[in-house]
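Structure first, commentary second.
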4 protein chains.
Amino acid sequence: MRRPEGYRHAVRIGDARTRILDAAEELFATSGYEATPASMIAKLANVPKGLVFHYFPRKIDVLVTLVDERTLVEEDRDVEAVPGDPAGTLSRLARRLPLRASPAMRRILFREADTHVSVRERLSRLNGELIRRARFALELALPTARGDAARLEVAAATFAAVLLYQETLTQLTGHRIDPDAVAELIAGGLL
Amino acid sequence: MRRPEGYRHAVRIGDARTRILDAAEELFATSGYEATPASMIAKLANVPKGLVFHYFPRKIDVLVTLVDERTLVEEDRDVEAVPGDPAGTLSRLARRLPLRASPAMRRILFREADTHVSVRERLSRLNGELIRRARFALELALPTARGDAARLEVAAATFAAVLLYQETLTQLTGHRIDPDAVAELIAGGLL
Amino acid sequence: MRRPEGYRHAVRIGDARTRILDAAEELFATSGYEATPASMIAKLANVPKGLVFHYFPRKIDVLVTLVDERTLVEEDRDVEAVPGDPAGTLSRLARRLPLRASPAMRRILFREADTHVSVRERLSRLNGELIRRARFALELALPTARGDAARLEVAAATFAAVLLYQETLTQLTGHRIDPDAVAELIAGGLL
Amino acid sequence: MRRPEGYRHAVRIGDARTRILDAAEELFATSGYEATPASMIAKLANVPKGLVFHYFPRKIDVLVTLVDERTLVEEDRDVEAVPGDPAGTLSRLARRLPLRASPAMRRILFREADTHVSVRERLSRLNGELIRRARFALELALPTARGDAARLEVAAATFAAVLLYQETLTQLTGHRIDPDAVAELIAGGLL
DNA sequence: AATGAATGAGCGTTCATTCAT
DNA sequence: TATGAATGAACGCTCATTCAT
């Protein structure tokens with residue numbers, strides 16, 4: 001919770017603990033958790049190596065703390081739905097992803113998810129929240145009786161998948177996917 | 001050197017080189033490349049550690065070889081399209097993913113893509129092929145003039161994303177997505 | 001970090017870094033750099049192996065540091081020349097070899113010179129300095145006009161060669177050469 | 001004894017055993033015995049690795065054989081002495097070094113001498129023979145009664161040292177020493 | 001709170017050597 | 001005689017972690 005508004009990139013300011021987390025965020029995102037030695041975090045953070053272990057007794061604690069403090073899945077936030085405009089409603093939701101996290105933190109979240117439980121849990125909650133919200137938005141936006149529950153669920157899950165995966169996809173394949181267009185496609189399928 | 005039909009799981013048979021690749025496939029999928037020591041591969045393959053390096057001079061060669069020999073992106077394969085049935089056409093395409101690879105290999109492909117170029121390239125080709133084929137299938141299946149190029153592209157990319165990501169998603173969140181339902185949704189959006 | 005006066009032999013005292021260098025000096029001189037594992041240095045120095053690499057990130061750094069800190073080519077030192085006594089002048093020079101280094105360090109210097117640049121450079125400088133000084137001493141000691149430049153140069157180079165090589169020769173062949181006698185011989189040849 | 005006249009350099013012809021020795025000679029001279037893996041010898045010799053150990057059960061046998069078969073200290077060969085011309089006599093002796101060995105073999109002889117007994121012995125014999133012959137030549141060339149035994153010995157040893165060391169010196173320091181000039185200097189000192 | 005020396009387990013890799021064929 | 005798979009000991013090096021100060 002220490003980070004204020006916005007994301008600081010590669011700027012090593014603040015107290016030692018913050019600088020350590022900043023450095024780790026950058027390095028984990030770039031090279032992965034396993035491939036990042038604690039000594040490198042210390043060097044980038046410009047603190048003595050011992051201090052890293054003073055604040056975070058085990059290296060894994062740095063990752064856990066990062067996920068804990070720097071990714072925030074915002075649950076139960078309001079959904080802005082415009083009845084009769086499911087596409088626009090989804091688009092707006094896309095723009096307000098309920099994940100407060102820097103791009104670096106997002107990469108970490110996805111990359112380390114399958115080897116570290118606490119990371120996986122966070123990602124799982126995010127996905128659940130996204131689907132929940134998309135479903136709810138569609139319910140509000142669609143003319144009543146239009147979508148049976150199962151169809152809505154599929155639409156919500158598909159949209160969530162695209163939102164979560166698009167960044168990875170762009171990174172790995174260079175292929176950009178436009179959430180707005182997807183929103184329109186999905187909305188078209190429901191009407 | 002190619003694997004025959006089907007996938008062998010955790011069965012340690014065949015010559016040493018094959019057993020090493022089998023073991024690595026399993027371990028890389030489970031724990032990730034970085035977190036898997038060569039010694040563990042050797043132990044699971046039931047060969048002395050030295051033999052691993054006899055066949056694969058550097059550890060990374062094991063990963064590269066795995067991707068090389070055990071993931072096969074089938075390009076230019078025929079697409080079975082049924083005019084007037086875009087949903088069914090996509091469903092059939094989903095069932096014939098142009099990636100010959102065990103589930104384990106797929107996880108490796110996705111997990112290691114952002115730190116190892118050769119893996120990333122393979123994944124990128126796969127994604128491209130998948131989109132290309134989905135687009136082509138839709139062109140054939142849709143009534144002419146129905147879909148303008150951009151809409152088709154979005155539909156294809158969305159479907160590809162779902163196909164590629166669904167496995168990871170299930171793994172990470174427990175939430176299962178049904179490609180057939182997505183096919184129907186997308187087809188509905190296009191008609 | 002410089003060694004004080006005199007040489008300590010095989011006495012394992014002082015801080016860990018010093019003990020490591022002491023041990024390496026002894027072992028490199030005895031068995032050669034390549035044939036001396038870092039573990040053996042650690043054992044002789046009575047430190048854990050990891051500590052060797054704490055102070056010297058690569059093994060070669062131990063050798064380089066040794067040459068750097070424990071061989072000192074003293075340039076521009078005064079030459080004590082006695083006019084009319086070239087033999088005595090050379091003898092005195094021999095006794096004040098401009099190389100501050102233990103016998104062990106000298107063996108290392110010669111043995112590793114042809115495979116390690118930094119060592120070779122040090123040895124080269126030493127040889128140059130030795131010749132320069134011998135020439136200068138002879139110029140002062142000889143009656144003017146006696147020796148033309150070329151002859152002086154040869155005498156200086158010969159004497160330098162004998163000084164540098166005698167130790168190796170004794171080691172390898174058991175045959176001892178007496179620098180004083182050589183000085184006399186050379187002086188005789190110039191007069 | 002297998003080598004005919006002259007030295008073949010880097011030409012891999014002849015039977016396997018010869019090619020192995022050729023390769024080893026080149027590699028040992030360049031990188032030293034310890035730093036040359038048997039596999040590299042095999043590769044350069046263009047023979048399978050197993051064959052190296054077929055001919056030479058242990059790696060050290062390659063070195064020993066090399067020294068054994070490819071360095072020949074010619075003892076008891078005639079000395080051409082010209083009475084009254086000690087300088088010329090020494091010069092001639094320098095030109096007929098009693099060591100039949102390629103430059104590469106000489107480098108090996110000197111470099112490995114202090115860690116391998118058999119090599120050291122060979123070098124020792126060479127030095128002894130050189131001194132013996134220089135002493136004998138000087139005895140014959142000098143006017144009788146001129147040189148007492150001790151002086152002759154010093155002269156002979158000095159000349160031998162220069163001859164043996166000159167190659168190393170040139171290599172390590174770039175400083176060339178001219179044996180003829182040294183011969184003259186020494187002869188001058190004896191007359 | 002801060003530090004860097006110390007520790008040791010374990011990693012990737014090398015390589016002499018063996019051996020079945 | 002010829003071969004390359006197999007073996008295992010040891011090597012250089014890394015690194016999380018501890019600890020005295």
Side-chain angles (χ1 to χ4, degrees), chain A residues 15-17 19-20 33-43 45-63, chain B residues 15-17 19-20 33-43 45-63, chain C residues 15-17 19-20 33-43 45-63, chain D residues 15-17 19-20 33-43 45-63:
Chain A
D15 57 18
R17 189 175 178 281
R19 293 208 311 277
I20 290 168
Y33 171 80
E34 291 285 354
T36 303
S39 63
M40 200 177 296
I41 299 175
K43 185 185 285 180
N46 206 23
V47 301
K49 190 172 49 155
L51 201 54
V52 173
F53 289 93
H54 177 70
Y55 285 114
F56 308 97
R58 350 223 89 220
K59 187 188 159 196
I60 190 68
D61 295 332
V62 180
L63 178 59
Chain B
D15 58 12
R17 187 175 180 281
R19 290 201 323 269
I20 290 168
Y33 171 81
E34 293 284 356
T36 303
S39 63
M40 201 177 294
I41 300 176
K43 185 183 287 180
N46 204 25
V47 299
K49 191 172 52 153
L51 199 56
V52 173
F53 291 96
H54 176 69
Y55 286 111
F56 308 98
R58 346 234 98 206
K59 187 188 161 195
I60 189 68
D61 294 332
V62 180
L63 178 58
Chain C
D15 58 12
R17 187 175 180 279
R19 289 199 325 268
I20 290 168
Y33 171 82
E34 293 284 356
T36 303
S39 63
M40 200 177 295
I41 299 176
K43 185 183 288 180
N46 205 26
V47 300
K49 191 172 50 155
L51 199 55
V52 173
F53 292 96
H54 176 70
Y55 286 111
F56 308 98
R58 344 235 99 204
K59 188 188 160 196
I60 189 68
D61 294 332
V62 180
L63 178 59
Chain D
D15 57 19
R17 188 176 180 281
R19 294 208 311 278
I20 290 168
Y33 170 81
E34 291 285 354
T36 302
S39 63
M40 200 177 295
I41 299 175
K43 183 185 286 180
N46 206 25
V47 299
K49 190 172 51 155
L51 202 55
V52 173
F53 288 94
H54 177 70
Y55 284 115
F56 309 97
R58 349 223 89 220
K59 187 186 159 197
I60 189 69
D61 295 332
V62 180
L63 177 59

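Model, not experiment: these values are computed from the prediction. Naming convention: chains lettered A, B, ... in sequence-line order (proteins, then strands); numbering from 1 in each chain.
- Relative to the side chain of A:Ala38, the nucleotides E:dC11, F:dA16, E:dG8 differ in distance, and F:dA16 lies closest.
- Across the interface with DNA chain E, nearest-nucleotide mapping of D:Met40 and A:Val52 shows A:Val52 to be the residue nearer the 5′ end.
- In this structure, the separation between CG on D:Leu51 and CZ on D:Arg19 is 8.5 Å, given to the nearest 0.5 Å.
- In this structure, the CD1 atom of D:Ile41 is 14 Å from the C1' atom of E:dT17, given to the nearest Å.
- Of the candidates E:dT7, E:dT14, F:dA5, F:dA5 carries the atom nearest the B:Tyr55 side chain, counting heavy atoms from C-beta on.
- Taking atom CZ of residue D:Arg17 and atom C1' of nucleotide F:dA2, one finds them 16 Å apart after rounding to whole Å.
- D:Ile20 has its side chain out of reach of D:Arg17: every pair of non-hydrogen atoms, C-beta onward, lies at least 4.5 Å apart.
- F:dT14 atom P lies 11 Å from atom NZ of A:Lys43, rounded to whole Å.
- Looking at the side chain of D:Leu51, the nearest of the listed nucleotides F:dG4, F:dC13, F:dA2 is F:dA2.
- C:Pro37 and C:Ala35 make their closest contact through CD-O, 3.2 Å (heavy atoms, listed as atom of the first residue, atom of the second, distance).
- In the interface, the side chain of B:Lys49 is paired with the base of E:dT13 through a donor and an acceptor atom under 3.5 Å apart.
- Between the P atom of F:dA5 and the CZ atom of D:Phe53 lies a distance of 16 Å, rounded to the nearest Å.
- Straight-line distance from the CD1 atom of C:Ile60 to the P atom of F:dC13: 9 Å, rounded to whole Å.
- OP1 or OP2 of E:dC11 sits under 4.0 Å from a side-chain N or O of B:Ser39.
- Straight-line distance from the NZ atom of B:Lys59 to the C1' atom of E:dG12: 8 Å, rounded to whole Å.
- As rounded to whole Å, 15 Å separates atom C1' of F:dG12 from atom CD of D:Glu34.
- Taking the nucleotide of DNA chain F with the nearest heavy atom to each of D:His54 and C:Phe56, the more 5' of the two is matched to D:His54.
- Atom CD1 of residue A:Ile41 and atom NZ of residue A:Lys59 lie 6.5 Å apart, to the nearest 0.5 angstrom.
- Residues C:Tyr33 and D:Glu34 are not in side-chain contact: their nearest non-hydrogen atoms beyond the backbone lie 4.5 Å or more apart.
- Within the nucleic acid shown, D:Ala16 has no heavy atom closer than 4.0 Å to any nucleic acid atom.
- With E:dG8, F:dT18, F:dC13 as the choices, the nucleotide that has an atom nearest any side-chain atom of C:Arg58 turns out to be F:dC13.
- The CG atom of C:Leu63 sits 13 Å away from the P atom of F:dG12 (whole-angstrom rounding).
- Nucleotide F:dA20: paired with E:dT3 (Watson-Crick or G-U wobble, both distances less than 3.5 Å).
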